[in-house]
Amino acid sequence: MPIRLLSEDVASQIAAGEVVERPASVVKELIENALDAGAKTIAVDVEGGGRTLIRVADDGGGIPASEVELAFARHATSKITSAYDLFSVGTLGFRGEALASIASVSRTSLITRNTAERDGTQIKFEGSAVVSRSLIGAPQGTVVTVENLFFNVPARLKFLKSETSERGHISNLITRYAMAYPSKRFRLNFENRSVFQSSGNGDMREVLTAVYGVEIARQLIEIVADAATEFPAPEPSPPPETDDSDEWPRAFRERPSSNIQVSGFISPPALNRSNRKEITLFVNGRWVQDIRLSTAVMQAYHTMLMVGRFPIAILMLRVPSEDVDVNVHPAKAEVRFRKSDQAFSAVGRAVRRTLISRAPVPQIEPVHWSTGAVGSEQWIVNSEQPPFTDIPPRFEMGSVPPIPTSPSPLYSQTQQQPLPSASVPLLRVIGQIGAAYIVAEGPDGLYLIDQHAAHERVLYEAFSLQRAAADIVSQALLNPVAVEVPPGAAAMLGNQIETLHRIGFSIEPFGGNTFLVRSLPSVLGNVDPARAVRVVVEDFEEDEAPLANEVEARLIARVCKRAAVKAGQVLTSAEQIELVRRLEACQSPRTCPHGRPTMIHLSVETLEKQFGRRG
Ligand code: ADP
Ligand code: MG
């Protein structure tokens, strides 16, 4: 075939493909335009997952009537004039491509009234061609309506996901922008029904509440500003570091560059997710995907979160615009930092600093002793107790070997020493209360230990060590047991037989959705094999494609959760003491492998206050 120039139409559809991948990309470009136009209120209407209709209305500056056509020309922008301006882009848009791209793959219309004009203008496009233009009465601002997206690009249409999935992308996008711009009012409607709105009063916690609900929003911790709080001095003798300088902790210990500011909210370790999708990063008001920065966030939780669990974080970076190149990604979803190590360490330090100052062993909140009896609810920190109805397996301390003092391999990937605040002092066990908590005395007051969470931690570290030594103790069943699992789980289980084998399960396919279980990790004691397999498959359902080592760590955690002593189980005092000794020996004794606290602490000082001995 000879070389030919593509027609204008085809060329522009190809170009559009880079910018407009799916309905959410249209929404993104339009709300960015609204933000650039100084809008205070942005209303988004979506029908049919964005394929039928996307409408974004703003109350920003509007487009002058004389420039309305130009706005839809490719590479037409009011935001930069020369290549030099790319060094200091202060707006979200700068390429002048979005409106042109959107118009070329849909039926687009726009109504706009510029601040300086009395009349509004309405213009309609059909696949890049203007089909009508008229004067119209309109409030100040701009309304862009995009209908029949990809009507002329069948290839793209075919690749769109279900309406539900596209809606998910759109609501994700809107809620993230709402969090990053708390002083803008956002509203999102699906099929004329309101699914999200923010008030625009500038209170980020209020937006977090609208996005995550009261319970989660209340727990999120605001990033502690730099400067005032100094990062704790490095441990006296840092472990030798042979690996590259990107690794925690050396990179984080560098003085932060004072010109990168990090603000936002993060979750305490106890609040976590099974994937990293809830780590959101905005750089100079722009939502970006940046694996290195999200790695910095995760590394800052080192030793506090189990492998395979991820925090929730919404972080805003302020970087001098000359230090960041925004012109590197077609959909502007990535940026390049001039000093990427500094950005990495600024993020890591901000998160770490916040965690250290705000997420130690949860203290019992001072009770108002003048109001009378101590309400029992004040003592409950960990509300996610496993249900009492779950019949516990035998409490078996002896099924795992004692914990050596070397660091747990799952936690030592980066050779980081445990946090100063992460250990526990030697404790004197006093007794058990409510068949759920162990009461102990330490040099600095009272400790209440959640027996289930503590045992989970103990088993997890022991199991991880066995795993690292490739020495999982497995227990063969007298008679292999056939277990049937749901069809969806069967495929996943089939794929994980290897992994399961490594952690002590010997399972083989037995036709259809049935599997033959020959042995179980001995830590599971005498759990019914069918239940043991259920424990394993439950976790697969959460994530689509988790990494192999994450799967393994998560499975280990699940198995330990299942095997751990439950609340409601009375322990002998020997068992209590043994559990606390083992917990003291753990690398990360303060949280269970899922990140929930194993203990709360009531200091002598708090006691004195409570009893009115101190002011
Ligand atoms: P860019 O945002 O990169 O400049 P766009 O194609 O998104 O490119 O928009 C082209 C131009 O149209 C913008 O530079 C801006 O002047 C104008 N414009 C687009 N949307 C709006 C809006 N909602 N309010 C005011 N002006 C707008
Ligand atoms: Mg734009």
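Counting convention: from 1, in listed order, for ligands and their atoms alike.
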Any chance you could measure R318, atom CZ, to S263, atom OG, to the nearest 0.5 Å? 8.0 Å
For E97, the atoms of ligand 1 under 4.0 Å from one of its heavy atoms are 6 (O), 8 (O)
Does any N or O of ligand 1 fall below 3.5 Å from an N or O anywhere on L99, backbone included? yes
Identify the closest protein heavy atom to atom 16 (O) of ligand 1: which residue and atom is it, and at what distance? S78 OG, 2.5 Å
Under 3.5 Å, is there a donor-acceptor pair linking the side chains of K79 and N33? yes
So is there a nitrogen or oxygen of F94 less than 3.5 Å from a nitrogen or oxygen in ligand 1? yes
Count the heavy atoms belonging to other residues, nucleotides or ligands that lie under 6.0 Å from CZ of R336, then report whether that count exceeds 12. no
Contacting atoms of ligand 1, where contact means under 4.0 angstrom from a heavy atom of G93: 2 (O), 3 (O)
Decide whether an N or O pair under 3.5 Å exists between D36 and ligand 1. no
Nearest protein heavy-atom contact for atom 22 (C) of ligand 1: which residue, which atom, what distance? T142 OG1, 3.7 Å
Within 45° of the six-membered ring axis of F125 and under 6.0 Å from that ring's centre, is NZ or CZ of R107 located there? no
Are F310 and Y301 an aromatic pair by the rule of ring centers under 6.0 Å? no
Taking atom types as modelled, is there a side-chain donor on S294 or D290 under 3.5 Å from an acceptor on the other? no
In terms of atom number and element, which parts of ligand 1 are under 4.0 angstrom from non-hydrogen atoms of R95? 3 (O)
Have a look at D58, N33, V19, T115 and point out the one with the heavy atom closest to atom 19 (C) of ligand 1. N33
Polar contact flag, side-chain donor to acceptor under 3.5 angstrom, N327-R95: yes
Between T77 and ligand 1, which residue portion shows a heavy-atom distance shorter than 4.0 Å: side chain, backbone, both, or neither? both
Counting heavy atoms not belonging to E8, are there more than 12 under 6.0 Å from its CD? no
Using a 3.5 Å cut-off on N or O atoms only, is G96 in polar contact with ligand 1? yes
Just checking, any donor-acceptor pair under 3.5 angstrom between side chains of R292 and S340? yes
Quick one: does A98 get an N or O within less than 3.5 Å of an N or O on ligand 1? yes
Taking atom NZ as the centre, does K124 end up with more than 12 heavy-atom neighbours from other residues, nucleotides or ligands that are less than 6.0 angstrom away? no
Numbered atoms and elements of ligand 1 in range of A37, under 4.0 angstrom, heavy atoms: 24 (N), 25 (C)
Do you see a donor-acceptor pair shorter than 3.5 Å between the side chains of R176 and T280? yes
Decide whether the shortest distance between a heavy atom of A76 and an atom of ligand 1 is less than 4.0 Å. yes
Any idea which atoms of ligand 1 are less than 4.0 Å away from a heavy-atom of I63? 17 (C), 18 (N), 25 (C), 26 (N), 27 (C)
Sorted by chain and number, protein N/O/S atoms nearer to the Mg ion (ligand 2) than 2.8 Å are N33 OD1
min-distance protein heavy atom vs atom 12 (O) of ligand 1 -> A71 CB, 3.5 Å
Looking at ligand 1, would K79 count as a contact under a 4.0 Å heavy-atom criterion? yes
Residue pairs fulfilling side-chain hydrogen bond (donor to acceptor under 3.5 Å, both in side chains) with at least one residue in residues 131-145, sequence neighbours excluded: R55-T145, E69-R133, T112-T142
Please determine, by modelled atom types, if E206 and S198 share a side-chain donor-acceptor pair under 3.5 angstrom. no
For Y212 and Q219, does a side-chain donor sit closer than 3.5 Å to a side-chain acceptor? no
